[in-house]
Amino acid sequence: MTDLDLSRVWLVDPAAGREGPGELVVVDGVLEAVTWLEGSDADGIDDRGVVVAPGFIDLHTHLREPGNEDAETIETGLAAAAHGGFTTVCAMPNTTPTLDEPGVLAAMRGAAAASGSPVEFLAHGAVTVGRAGETLAALGELADAGVVGFSDDGAPVRSASILRSALAYAGALGVPVVDHPEDASQTDGAEANDGFVSTVLGLHGWPAAAEESAVARDLAILGEVCRDVPGVRLHLTHLSTAGSLELVRRAKAAGLPLTCDITPHHLALTDEWLAGARRFAWDAGPDADPWRDQAIVAAPYASSLRVNPPLRTPADALACLESLADGTVDAIATDHAPHTKVDKAVEFGLAANGISGIETALGLVVAAVDAGQLSLSRAMEALTVGPARLLDRSRRGARPGLVEGEPADLVVFDRSDGWTVEADRLLSKGKHSPLLGMRLGGKVLLTMAAGRVAYEAPLD
Amino acid sequence: MTDVIEGAAETEVLVPSIDDAPHPAGSGAWRHRHLLDVDGLSIDDLELVMRTADSMREVLARPIAKVPALRGRNVTILFYEASTRTRVSFEVAAKNLSAEVVNIAAATSSVTKGESLVDTVRTVEALGAQMLVMRHSVSGAPYLAAEVFGGSVLNGGDGWHAHPTQALLDLYTMRSRLGSVAGRKVAILGDVLHSRVARSNIWTLTAAGADLWLCGPPTLLRGFEAWAGRGAAAGRRFHVTASIDEALRDADVVMALRIQKERMASGLLPSLREYAARYGLTATRLATAKPDALVMHPGPMNEGVEIAPDVAAGVQSVITDQVTNGVAIRMALLYLLAGVTAA
């Protein structure tokens, strides 16, 4: 039943560096034929209709199992991923218990297998025991068990000396350290990006410097460690400020073994949304003032917008887009962070941090493409080969691409059709999307992973 | 103070007769179901509040300061933060309008057992609340209450964000003494960063055309320079300065804000002593303002810290006027909001 015959579609194959009109045939789950159409056969096919790309890879997903199954389970999280076009997810280790030893990973893998989902489940192990930042987790054992990275995400690796050890030790294991850069001494009680909007709304400011000083610290340590230990790799996740991206740009130019990702919400949404504006960063512009611009269309303080790092200014979001275009940013990662209603349907300042975002990621990226802020090919690259570079040998498929003879691992979405984000349509248990009620483009029609259907759009 | 009858005749803004009972449905030009912030109030809205408060002042001057306007209405006062002045002021205002008043102090309710705000609001509504006056320590909390409450929500102060009735009573007090605040220099001194009073006054005073100056140590002004810059572009001009001399020079109104001891613990100030020496409103400093400058304070005061006792009790002080006007303003707002939901 896993046969597919797509004719006259727009194919994007970032691994081959190619996109264009084509046809694609899947027989019995195997990608039998990929045909690129040329000349008059290609007439009338453009990248604004049905697009086929390799399945997306999410480097940063919170699946909440074990420990907080009311917020998400591995089963619902993988279903949500498939709905978003993702065929590989990398779960973060901030579970209860923490994924800091191989037994926890085995249990998670068991849940993934039991879910029956063909979406590939990968995981990052913790850097420190219990993510407490004090002693190294069982890095070697975790690497042997197959974790794809080490991260204390949700928190930074607090101690600089522990980070130094972790980078060196993990480097020898060939596993990257994935840091969440945040200087906690600057973010105690912080609620919203420190700036005009937080000042007007009376929210505790969360300075850009809290992220940038942590990035600078990490890069200084990386610069020293990489001289001694070949194989050291640092990945900075969910960068959100123009200053952080500039630091990464310079460090990459200096040759440091560094990669980074940004989230869809940081490239499209801004702190203006906290005031009740609902326009994308590129429509706001760097001098945005939602009060002056009469851009406020919703109630302020929507707790769905509370996230770490916070939504930043339009200028920061535009820097994210620019850094994606110029290659400073390697990947788009969702930081999908589902929470229960109990933790989210409360006062803004008391709400848990996190956006349920894996199902709306493509929609936000497509919005940027539609607005001419990002090319489709670069967007697809940042969702496929970009994240794959971090994972290299850990992944099931050798490399993401439309490769004949391989089990189909792809997403089919329609840029000419959209969908309205509604709680009932989200497969995640986390219904707290700030996009509820909004229409997003790039509706996913079909996701295939490992040759099987992972998601198929219901007939309307 | 403008005579209320003449005032009403001069303008399109209709001040309904408050002696009518029950409340005349849909009277007046007030359209807002809730009072959550002052940022959405137009000049006409401000005028209507001021004129309605004039009528309420007239009621307050009567031997029996009570009218039947809100008879049969339930006003529930839900305070998640300690307050005496604002809570009692709302209570007196609601009773003067003949409303039934229910008082809930969050410390003694099921909130301490972990009940969510949403559940609490639904519960008080089920118990008959039609108007909900709320104070909360978290900025924006009244918006969440307004989302689930079927009646009107009045913000009695939320976090650092807004204190709408305070800003309106401040404006009313200034206008009562000065006629108009347009072009008048108003200096607000102190902990601007953590002040919902300062934030709400920015909106109302810039809308009313005052020459507004915010002054305090730089650590307590964080972010306001940027707001002032945006405000200038949007026609909401105000000034920010760390120099108290500059702020006070020829001021028509000087408002001192309460300084809290927690600010020292969080590393924003060296000591209260140093604050009092550099930013305290003393008679000597006040002398650099206009001779008849008004002295205001939203209370509660730390006498001897942000304001000297002789200044607080001096001839220029209108601090007790603020308290009395607070009742009139809150009566006016309860009355205007009740007109929207009765329509």
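Numbers restart at 1 for each chain; the letters A, B, ... are given by sequence-line order, proteins then strands. Computed from heavy atoms alone, side chains included, the values below leave out hydrogens, waters and symmetry copies. Remember, it's a predicted structure, so these values are computed and weren't measured experimentally.
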Practice problem: Select one option (side chain, backbone, both, neither) describing which atoms of B:H194 are under 4.5 Å from chain A's heavy atoms. | Solution: neither

Quiz prompt | Considering all heavy atoms, the nearest A:V346-B:L144 contact | solution = C-CD2, 3.4 Å

Quiz item: Quick one: CG on B:D39 to CD1 on A:I296, what's the gap to the nearest 0.5 Å?
Solution: 6.5 Å

Quiz item: Is the number of heavy atoms from other residues, nucleotides or ligands under 6.0 Å of A:R249 CZ greater than 12?
Solution: yes

Quiz item: Quick one: salt bridge (Lys or Arg N to Asp or Glu O under 4.0 Å) partners of B:R196, sequence neighbours excluded?
Solution: B:E81

Quiz item: Do A:Y301 and B:H161 have side chains that get closer than 4.5 Å, going by heavy atoms?
Solution: yes

Self-check item: Residues in salt bridge (Lys or Arg N to Asp or Glu O under 4.0 Å) contact with A:D293, at least two apart in sequence or another chain
Solution: A:R279

Quiz item: Of the non-hydrogen atoms in B:R222 and A:P207, which two are nearest, and what is the gap between them?
Solution: NH2-CG, 3.6 Å

Exercise. Under 4.5 Å, counting heavy-atom pairs only, tell me which of B:S137, B:S139, B:A226 racks up the most with chain A.
Key: B:S139

Practice problem: Fit a plane to each ring of B:W227 and A:F196, take the angle between them on a 0 to 90° scale, and name the class: parallel (under 30°), tilted (30 to 60°) or perpendicular (over 60°). | Solution: perpendicular

Exercise. Check whether A:D188 gets within reach of chain B through its side chain, its backbone, both or neither, counting any heavy atom under 4.5 Å.
Key: neither

Practice problem: Please tell me if the side chains of A:D289 and B:R236 come closer than 4.5 Å, counting only heavy atoms from C-beta onward. | Solution: yes

Exercise. Tell me, out of A:S198, A:P300, A:S303, A:G349, who's got the most heavy-atom pairs with chain B below 4.5 Å.
Key: A:P300

Quiz item: Atom CG of A:L201 and atom CH2 of B:W160: how far apart are they, to the nearest 0.5 Å?
Solution: 12.0 Å

Exercise. Could you tell me which portion of B:F224 (side chain, backbone, both or neither) has an atom closer than 4.5 angstrom to a non-hydrogen atom of chain A?
Key: both

Quiz item: Do any N or O atoms from the side chain of B:R199 and from the backbone of A:T199 form a donor-acceptor pair under 3.5 angstrom?
Solution: yes

